[in-house]
**Q** 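Can you read through this structure? Questions will come right after.
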Amino acid sequence: MKKILLIISSFLIAVEAFANQPKDWQLGFQNPASDGMRDIVNFHNNLLLPIIIAISVFVLFLMLYACVRFRASANPNPSKRTHNVTVEILWTLIPCLILIVMAVPSFKILYKQDTIPKADLTIKAIGYQWYWGYEYPDENIIFDSYMVEEKDLRADQPRLLAVDNEVVVPVNKVVKVLITANDVLHAWALPSFGVKRDAVPGRINETWFKAEKEGTYYGQCSELCGIKHAFMPITVKVVSEEDYQEWLSEARIKFAEEEIENNKLKLASK
Ligand SMILES: [Cu+2]
């Protein structure tokens, strides 16, 4: 018995550890890691799903009932009726009411996500064909983030989702994300945070998230942007405040050095 419990608990823990990326045979959303995503998942699971299931069952029942009750063999002289005012009013009114019931909570969530609280830090994501560039405007950090090729993957890195330079943010802090693009339309999307915004050249879109759990979260460009659209993933690492400060001081030097190297190469090639 103990062994079985142990196996089950280890399985649950394993699932938890990978909760922030797509899984094989996954049904439904990734586990939420922010308040905004929890609202979306609750809205979907507790309101939309029951309504969809009820409608599907009802329509199936109507079809079966019509097939049996009005079959040709039982109705040699088919009815000539074409109108029924009561039924027509009902089938207009009921769907309207269902839509209103869905719209009210949906707008509530939308407006909540649209109001950006006072940000603890701001990052800027810039979509390029085909990678993401990031800036921490207050920290003077700029870097590019490319997908790790399959042959270079480490054992803990998922295929098509891992990147060389991850975005690092502190846990439980409001992160404001400014999103734009440099060439064509892209979209910065992170399912566990309930975040998805178009990256439009010449325009800056804003969104925000507050990650509640430390971990690595994966997302992808979600706007068809060309031949390598599928190969510009997004990786966000959520760490403790101390680890974040440590990363900041390392990143300032690392990315500045890379910048100097790149400029030297550019000068040399001229
Ligand atoms: Cu893209």
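All values below come from the heavy atoms of this structure, side chains included, with hydrogens, waters and symmetry mates left out. Since this is a predicted model, take the numbers as computed values, not measurements. Whatever order the structure lists them in is the order used to number ligands and atoms, beginning at 1.
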**Q** Distances under 2.8 Å only: what protein N/O/S atoms are near the Cu ion (ligand 1), ordered by chain and residue?
**A** H186 ND1, C221 SG, C225 SG, M232 SD
**Q** Does I227 CD1 have over 12 foreign heavy atoms under 6.0 Å away?
**A** no
**Q** Do any side-chain atoms of residues 161-168 form donor-acceptor pairs under 3.5 angstrom with protein atoms, and if so which ones, sequence neighbours left out?
**A**
from	atom 1	to	atom 2	distance (Å)
D164	OD1	Y146	N	2.7
N165	OD1	K254	NZ	3.2
N165	ND2	D144	O	2.9

**Q** Taking the side chain from Q26 and the backbone from G28, do they hold a donor-acceptor pair closer than 3.5 Å?
**A** yes
**Q** Between R71 (side chain only) and V68 (backbone N and O only), is there a donor and an acceptor less than 3.5 Å apart?
**A** yes
**Q** Can you list, by chain and residue number, the hydrophobic cluster partners of V57 when the side-chain cut-off is 4.5 Å?
**A** I53
**Q** Linking directly or through intermediates, with side-chain heavy atoms under 4.5 Å: list the remaining ILVMFWY members grouped with I116, chain and number order.
**A** V174, W208
